[in-house]
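Notes follow the structure.
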Amino acid sequence: MAGGTQRTARVLKGFRDYLPEQMILRGRIIRRFREVFERHGFEPLDTPTIEYLEVLTGKAGENEKLMYRFTDHGGREVGLRYDLTVPLARVVAMHQNDLAFPFKRYHIAPVWRADNPQRGRFREFWQCDADIAGSASMLADAEVVAVMAEALAAVGLPEFTIRISHRRLLECIGLAAGVPAERASSLYRAVDKLDKIGRDGVVREMVAYEIPEASARRVLDLVAATGAPESLLAALAYELSEVQGSEEALSELSELFAALPAFGVPEDRYLLDLALARGLDYYTGPVFEATVTEPKIGSVGGAGRYDDLVGGFLGRPVPATGMSLGLERIVEVVQEHGLLPADRTVAQVAVAIFPATVAAGARLASEMRAAGFNVDLSLQPNRSVGDQLKLAGRQGIPAAIIVGESEIAEGRVSLKDLRSGDQETVPRDKVAAALRRLLPG
RNA sequence: GUGCCUUUAGCUCAAUCGGCAGAGCGCCUGUCUGUGGAACAGGAGGUUGCGGGAUCGUGCCCCGCAAGGCACCCCA
């Protein structure tokens with residue numbers, strides 16, 4: 001240190017550095033998600049990380065307390081985006097004349113929440129969203145579910161379930177059971193914990209929110225039923241026949257479930273689960289959540305229809321639906337099960353050189369790069385070849401080329417497989433072909 | 001924002017009742033000026049998370065802070 005007080009190197013709670021091995025894995029996952037999104041015709045989008053606070057607030061409900069907010073240098077009240085859905089609504093409202101509707105976009109980017117960290121939960125984390133704005137059709141919701149299932153399958157998740165519910169249907173169930181409409185959000189929150197705290201726990205929680213116990217039990221009877229979606233919905237149609245709006249919610253779900261098979265979503269990947277409510281206040285219709293059981297990190301993705309969000313900016317309603325995958329949680333699952341290769345380096349071949357072969361080695365490295373390989377040319381010709389190979393092996397580089405004087409003299413180089421230790425000498429003009437044989441993929 | 005647990009070498013951990021901070025692995029050097037991983041020999045590496053207090057004396061006791069984890073809240 002050149003004078004002065006030494007600073008402490010540290011990062012904020014819930015924020016992390018991503019070292020190369022981590023970045024390589026994250027990049028692989030993101031690439032696969034992007035491929036699925038684009039295969040479905042979703043267009044890329046990015047937005048500022050900071051927005052006017054007014055843009056961000058008002059629709060996240062209680063979650064606003066987790067929002068990073070501050071006053072910028074110009075005295076503006078601003079916040080770090082809390083999700084990618086609200087910025088999308090803002091974009092749709094601002095750029096409606098530049099977009100063709102239904103507008104399908106994907107957005108892979110970091111968001112910030114001042115939550116308490118634990119496994120798979122950070123203050124800065126990445127969401128991978130795919131949304132459709134400008135379509136009220138259940139076909140849009142079906143495609144969102146299909147994209148979600150395909151994306152999770154694309155990174156090899158062995159077991160996941162997409163639970164499907166409906167916000168307004170849940171509200172109707174509440175009304176039928178005698179839960180006042182203004183208690184709806186308490187109802188959502190309590191019911192959502194069914195699998196966690198059990199029936200009695202949910203009843204206790206609802207009673208605590210001034211919902212009559214009899215109503216609470218009635219809600220649970222209707223919500224906890226399991227079985228084929230068609231028969232469950234039919235049963236509910238009977239129970240809710242008096243409740244205004246239930247017919248529409250029920251028919252939306254029927255349409256959705258009817259469409260899913262045609263969209264190629266495997267039957268064992270989704271189920272109707274009316275106990276699913278989801279916390280975000282802006283959902284207005286079908287809601288989805290993807291969960292895994294190992295490791296125990298709960299949901300890896302959430303989704304739903306939010307028909308009023310764009311209207312909050314535009315004054316006229318624009319229906320929209322979409323889904324969001326949590327990159328960090330999916331990374332946890334991928335690592336836990338070893339679903340994708342965990343390479344420590346992007347380099348495919350190391351070039352070891354001697355003081356007398358620096359130029360020849362550099363030239364060969366250039367040629368190999370032009371041939372499409374990721375090449376790590378040694379910068380230490382004075383170190384022994386042993387050291388150079390050792391370093392390459394430790395970095396996890398699978399192959400090495402040794403450019404020595406004797407080989408060069410006869411127009412050859414040595415090619416070594418650093419994993420097996422096998423080595424051969426190959427003519428200079430055959431190196432690329434030999435490398436291609438050696439390297440995986 | 002709340003409660004509980006944890007924090008000792010790069011990593012995993014040990015250290016009796018409060019009494020000289022250690023091991024394994026890893027790392028570096030050498031055996032070895034052109035072939036890594038092995039073996040052998042040697043070596044470096046510590047403000048015991050940070051700050052304060054009590055004590056003749058603390059890694060160990062007390063207080064505060066920070067970070068990580070678990071649970072709550074909420075959520076990806």
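Here is how names work: the chains are called A, B, and so on, in the same order as the sequence lines, proteins then strands, and each is numbered from 1. We use all heavy atoms of the structure for the numbers below, so side chains are in, but hydrogens, waters and symmetry mates are not.
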Do any side-chain atoms of residues 372-379 of chain A form donor-acceptor pairs under 3.5 angstrom with protein atoms, and if so which ones, sequence neighbours left out?
residue: N374(A); atom: ND2; partner: V346(A); partner atom: O; Å: 2.9
residue: S378(A); atom: OG; partner: Q380(A); partner atom: N; Å: 3.1
residue: S378(A); atom: OG; partner: Q388(A); partner atom: OE1; Å: 3.0

Below 4.0 angstrom from OP1 or OP2 of C74(B), is there any side-chain N or O of R189(A)?
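Answer yes for this pair, as a side-chain N or O of R189(A) is under 4.0 Å from OP1 or OP2.
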
Considering just the side-chain nitrogens and oxygens of K193(A), establish if one lies under 4.0 Å of OP1 or OP2 belonging to C74(B).
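Yes, K193(A) has a side-chain N/O under 4.0 Å of OP1/OP2 on C74(B).
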
[M] and [N], which share atom name [atom1], separated by this distance in whole Å:
{"N": "G10(B)", "M": "C17(B)", "atom1": "C1'", "value": "33 Å"}
{"N": "U12(B)", "M": "C73(B)", "atom1": "C1'", "value": "34 Å"}
{"N": "C32(B)", "M": "G45(B)", "atom1": "P", "value": "28 Å"}
{"N": "G43(B)", "M": "C50(B)", "atom1": "P", "value": "28 Å"}
{"N": "A76(B)", "M": "U16(B)", "atom1": "C1'", "value": "48 Å"}
{"N": "U47(B)", "M": "A39(B)", "atom1": "C1'", "value": "38 Å"}

Base, sugar-phosphate, or nothing: which does R121(A) touch, judged by heavy atoms less than 4.0 Å apart?
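Base: the residue R121(A), judged by heavy atoms under 4.0 Å, touches a nucleobase.
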
For N116(A), report the nucleic acid contact type (base, sugar-phosphate, nothing); a contact means any heavy atom under 4.0 Å.
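Answer is base: heavy atoms of N116(A) come under 4.0 Å of a base.
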
Counting Watson-Crick and G-U wobble pairs whose two distances are both under 3.5 Å, find the runs of 3 or more in a row that involve RNA chain B.
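Stem list for RNA chain B: B:1-7 with B:66-72, B:10-13 with B:22-25, B:27-31 with B:39-43, B:49-53 with B:61-65.
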
Distance in angstrom units between [X] [atom1] and [N] [atom2], rounded:
{"X": "E124(A)", "N": "A67(B)", "atom1": "CD", "atom2": "P", "value": "15 Å"}
{"X": "M67(A)", "N": "A76(B)", "atom1": "CE", "atom2": "C1'", "value": "15 Å"}
{"X": "D115(A)", "N": "G69(B)", "atom1": "CG", "atom2": "P", "value": "12 Å"}
{"X": "Q118(A)", "N": "U2(B)", "atom1": "CD", "atom2": "C1'", "value": "13 Å"}
{"X": "K13(A)", "N": "U2(B)", "atom1": "NZ", "atom2": "C1'", "value": "11 Å"}

Is NZ or CZ of R269(A) both nearer than 6.0 Å to the six-membered ring centre of F160(A) and within 45° of the ring axis?
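That pair qualifies as a cation-pi contact.
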
Give a yes/no verdict on a cation-pi contact between R113(A) and F125(A), requiring under 6.0 Å between NZ or CZ and the six-membered ring centre and an angle within 45° of the axis.
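Cation-pi check for R113(A) and F125(A): fails.
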
Any pair with a residue in residues 138-149 of chain A that passes salt bridge (charged side-chain N to carboxylate O under 4.0 Å, His left out), sequence neighbours left out, goes on the list, sorted by first then second residue, please.
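Residue pairs passing salt bridge (charged side-chain N to carboxylate O under 4.0 Å, His left out), neighbours aside: K104(A)-E143(A), D141(A)-R305(A).
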
Does a side-chain N-to-carboxylate-O contact under 4.0 Å join [X] and [Y]?
{"X": "R369(A)", "Y": "E367(A)", "answer": "no"}
{"X": "R428(A)", "Y": "E407(A)", "answer": "no"}
{"X": "D422(A)", "Y": "K416(A)", "answer": "no"}

side-chain hydrogen bond (donor to acceptor under 3.5 Å, both in side chains) contacts in which one or both residues fall within residues 146-164 of chain A, not counting sequence neighbours
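Sorted pair list: H40(A)-E150(A), E159(A)-T293(A), R163(A)-D273(A), R163(A)-E289(A).
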
What parts of residues 295-303 of chain A reach RNA chain B, counting only heavy atoms under 4.0 Å away?
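Contacting residues: S299(A), V300(A), G301(A), G302(A).
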
Please output the side-chain donor-acceptor pairs of residues 196-205 of chain A that fall under 3.5 Å, not counting sequence neighbours, one pair per line with the distance.
residue: R199(A); atom: NH2; partner: D221(A); partner atom: OD1; Å: 2.9
residue: E205(A); atom: OE1; partner: K193(A); partner atom: NZ; Å: 3.3
residue: E205(A); atom: OE2; partner: K193(A); partner atom: NZ; Å: 2.5

Could you tell me if E77(A) and T71(A) have a donor-acceptor pair between their side chains, going purely by distance under 3.5 Å?
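The answer is yes; a qualifying pair exists.
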
Mapping E405(A) and F15(A) to their closest nucleotides on RNA chain B, which lands nearer the 5' end?
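Result: E405(A).
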
I want to confirm an ordering. Mapping G14(A) and L325(A) to their closest nucleotides on RNA chain B, which one lands closer to the 5' end?
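Per heavy-atom nearest nucleotide, the more 5' residue is G14(A).
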
Do the ring centers of F37(A) and Y106(A) come within less than 6.0 Å of each other?
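Ring centroids of F37(A) and Y106(A) are less than 6.0 Å from each other.
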
By side-chain hydrogen bond (donor to acceptor under 3.5 Å, both in side chains) - contacts of [X] (at least two apart):
{"X": "R32(A)", "result": "none"}
{"X": "R217(A)", "result": "E213(A)"}
{"X": "S185(A)", "result": "none"}

Between side-chain atoms of residues 353-363 of chain A and protein atoms elsewhere (two or more places apart, or another chain), which donor-acceptor pairs fall under 3.5 Å?
residue: T357(A); atom: OG1; partner: F354(A); partner atom: N; Å: 2.8
residue: T357(A); atom: OG1; partner: F354(A); partner atom: O; Å: 3.2
residue: T357(A); atom: OG1; partner: V403(A); partner atom: O; Å: 2.8

Choose from A76(B), G68(B), A71(B) the nucleotide whose nearest atom is closest to any side-chain atom of P117(A).
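Of all the options, the side chain of P117(A) is nearest to G68(B).
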
Looking at the side chain of K65(A), which of C75(B), C70(B), C73(B) is the nearest nucleotide?
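The listed nucleotide nearest to K65(A)'s side chain is C73(B).
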
Close N or O pairs between protein and nucleotides 42-51 of chain B (under 3.5 Å):
none

For a quick check, with a 4.0 angstrom heavy-atom cut-off, what is the B/S/- contact string for nucleotides 35-41 of chain B, read 5' to 3'?
BBB----

